[in-house]
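The figures here come from the full heavy-atom set of this structure, side chains too, leaving out hydrogens, waters and symmetry mates. We count residues from 1, following the sequence as given.
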Amino acid sequence: MPDIRSSVIYQIYPRSFADSNGDGIGDLRGIISKLDYLADLGVDVLWLSPIFQSPNADNGYDISDYEAIMPEFGTMTDFDELLAQAHQRGLRLILDLVVNHSSDEHRWFQESRKSKDNPYRDYYIWQPPGGGLPTNWQSFFSGPAWDLDETTGEYYLHLFAKKQPDLNWENPALRQEIYRMMRFWLDKGVDGFRMDVIPFLSKDQDFPDYPEGRFGDLTIHANGPRIHEFLHEMHQEVLGHYPSVITVGEGFGVSAEQANLYVGDRREELQMIYHFDHAVPREEHRFLNPAPEFTLPELKAIFAKWNTALDTGEDAPGWQNIYFGNHDNPRILSRFGDPERFHYESATVLATVLLTQRGTPSLYQGDELGMSNCLFEDISEFDDIQVKNAWAALVAPDMDPAKQMQFLKTANRIARDHARTPMQWSDAPHAGFTTGSTTWLKVNPNYPTVNAAGQDSPPRSVLNYYRQLLRWRKQTPTLHTGTYRDLLPEHPTLWAFERAHESGTFVTVANFSEERVVLPAEVEGKAVLGNYAEPDGDLRAWEVRVYVH
Ligand code: ISL
Ligand code: CA
């Protein structure tokens, strides 16, 4: 089994990847039809965002049956074929495990809400009304985290939307149900799980209000008192019995110092975690008060800090999953690059920096083509519950024109929908994503110039750069396990780092600007790879090079 450290993960957002039957919604047969493309790209592991039965209040992150396929996506037969065909091509497949909450349409919740003595009552978290809301806890998508359920007159907890009630991990019967479900998928041959908001599973049973000054800080719900006991139990009961299983925890609220509690080598919890230190801050009010983007020195400091932390302390070493973007963030090219003026150059800068970093990288679908943010002209063009609920809370009450403008401008920078527009396969109508007449979310109008078919043959294309880089990464052990050292942490526009290992030392140097920069003395050796012909002398606009010495 390949070491996860030499692997690259590719995230598929199934709703937007490829539509096989013309209904405008991506599906499993669509993914099957693109497996050759993915194998040829050179990635190793496919992570599918949720494919399970769901009313789609949060696009599948609200599951109503963990062992059934969402009918819009296909059938279990389609899934079995997808898995077999992926394996035939040497691709491993991991699923999204969303077990902090389910959908309110899950059978367990339907039972749970019926009566206080229903056998499923304790599958969820209920509190009596007392003097009103049990605590002042807030939810991600919709105000207070408690909702009064009329049938029994008690509140249930939902740290996300109302339709996403939190599961009660204190209940051993619930935990066993989850473990059984995990075995069901692993026994089918699934290669592992990406675990949604995994640090949230354990809740403080004293149900304290937010501490003074931290009202609404949702990171407080992470790292609860029994989280490591639960994850260790999951390992004993399930994960440890599948020696080559891949696990990636979504580490919302986990600090660099806490990371090895989850992924330290001997902890028997998870294999990898990914952090949020460089994710777009997304408290609801950000849509009217946007936070500035990270500067390059800030971004570099975050990567350096995590590398050090994972190698430090009694639980070291630990391993992480690294990324620039995913389905919860805008497009990386729009955040950190220059899609209009230096499309090829800045997309390949981001590719090279991520794929030569230390850690197992996750690529997000479409980044290998340089897909960028899409212009949403009106609130009605968005789909995401987060944007819609924030609009309802912040703008709809008075529809103040200045607020509307500010909101739309910010959403056009940070909304999750940017990552969710359909994959751009060709310059055919709807970017070749569907043969039908509509798509569930608008297609980025730049598809005639940015698409996979158009980038397939030209040697100088973002796609061919990724293909070449992924092949080179695979055969270069230094990139898998070599140490990481930032050579110029303070430099405002250059990211220069060294990866050292007995098999060779490499230096990546990337210019995150259009200004020419003199090659610093710290960078030595012979250039082996880059995004400009003749890599020599000053670094040109958005130029990246990798040196060996
Ligand atoms: O995008 C965010 C919310 O506005 C993130 O903070 C996100 O909610 C958080 O990282 C948890 O993400 C995961 O769980 C959510 C789901 O909406 C996200 O898509 C998923 O990645 C609830 O299941
Ligand atoms: Ca379809």
Taking the six-membered ring for Trp, are Phe287 and Phe407 parallel (under 30°), tilted (30 to 60°) or perpendicular (over 60°)?
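The rings of Phe287 and Phe407 lie parallel, inter-plane angle below 30°.
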
Look at the aromatic rings of Phe200 and Phe252 and report parallel, tilted or perpendicular, splitting at 30° and 60°.
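Ring orientation, 0 to 90° scale: perpendicular.
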
Does any non-hydrogen side-chain atom of Ile379 lie less than 4.5 Å from one of Gln404?
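No, too far: nothing below the 4.5 Å cut-off.
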
Heavy atoms, side chains only, cut-off 4.5 Å: are Met195 and Thr247 in contact?
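Side-chain contact under 4.5 Å: yes.
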
Between the side chains of [Y] and [X], is the shortest nitrogen-to-carboxylate-oxygen separation below 4.0 Å, so that they form an ion pair?
{"X": "Lys34", "Y": "Asp36", "result": "no"}
{"X": "Arg516", "Y": "Asp538", "result": "yes"}
{"X": "Arg416", "Y": "Asp384", "result": "yes"}
{"X": "Asp417", "Y": "Lys442", "result": "no"}

Keeping [X] on the side-chain end and [Y] on the backbone end, is there a donor-acceptor pair under 3.5 Å?
{"X": "Arg420", "Y": "His327", "value": "yes"}
{"X": "Asn389", "Y": "Ala393", "value": "no"}
{"X": "Thr352", "Y": "Val544", "value": "no"}
{"X": "Thr478", "Y": "His501", "value": "no"}
{"X": "Arg5", "Y": "Thr481", "value": "no"}

Would Tyr61 and Tyr13 satisfy ring pair (Phe, Tyr, Trp, His ring centres under 6.0 Å), going step by step from the backbone distance to the final call?
CA-CA 12 Å; Tyr61 284 91; Tyr13 197 69; 7.4 Å; no

With Leu369, which of Val462, Leu463, Asn451 fulfils side chain to side chain contact (heavy atoms under 4.5 Å, CB included)?
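Filter result, single survivor: Leu463.
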
Exactly one of Val45, Asp367, Leu91, Leu41 should register a side chain to side chain contact (heavy atoms under 4.5 Å, CB included) with Tyr10. Which one does?
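Among the candidates, only Leu41 passes.
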
Got a second to check how far Glu381's CD is from Asn412's CG, nearest 0.5 Å?
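Taking CD in Glu381 and CG in Asn412, the distance rounds to 9.0 Å.
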
About how many Å separate CG of Asn511 and NE2 of His491, when rounded to the nearest 0.5 Å?
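Output value for this atom pair is 8.0 Å.
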
Reference residue Phe52; test ring-ring contact (aromatic ring centres under 6.0 Å, His included); the match among Phe73, Trp185, Phe79
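In the set Phe73, Trp185, Phe79, the residue that makes a ring-ring contact (aromatic ring centres under 6.0 Å, His included) with Phe52 is Trp185.
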
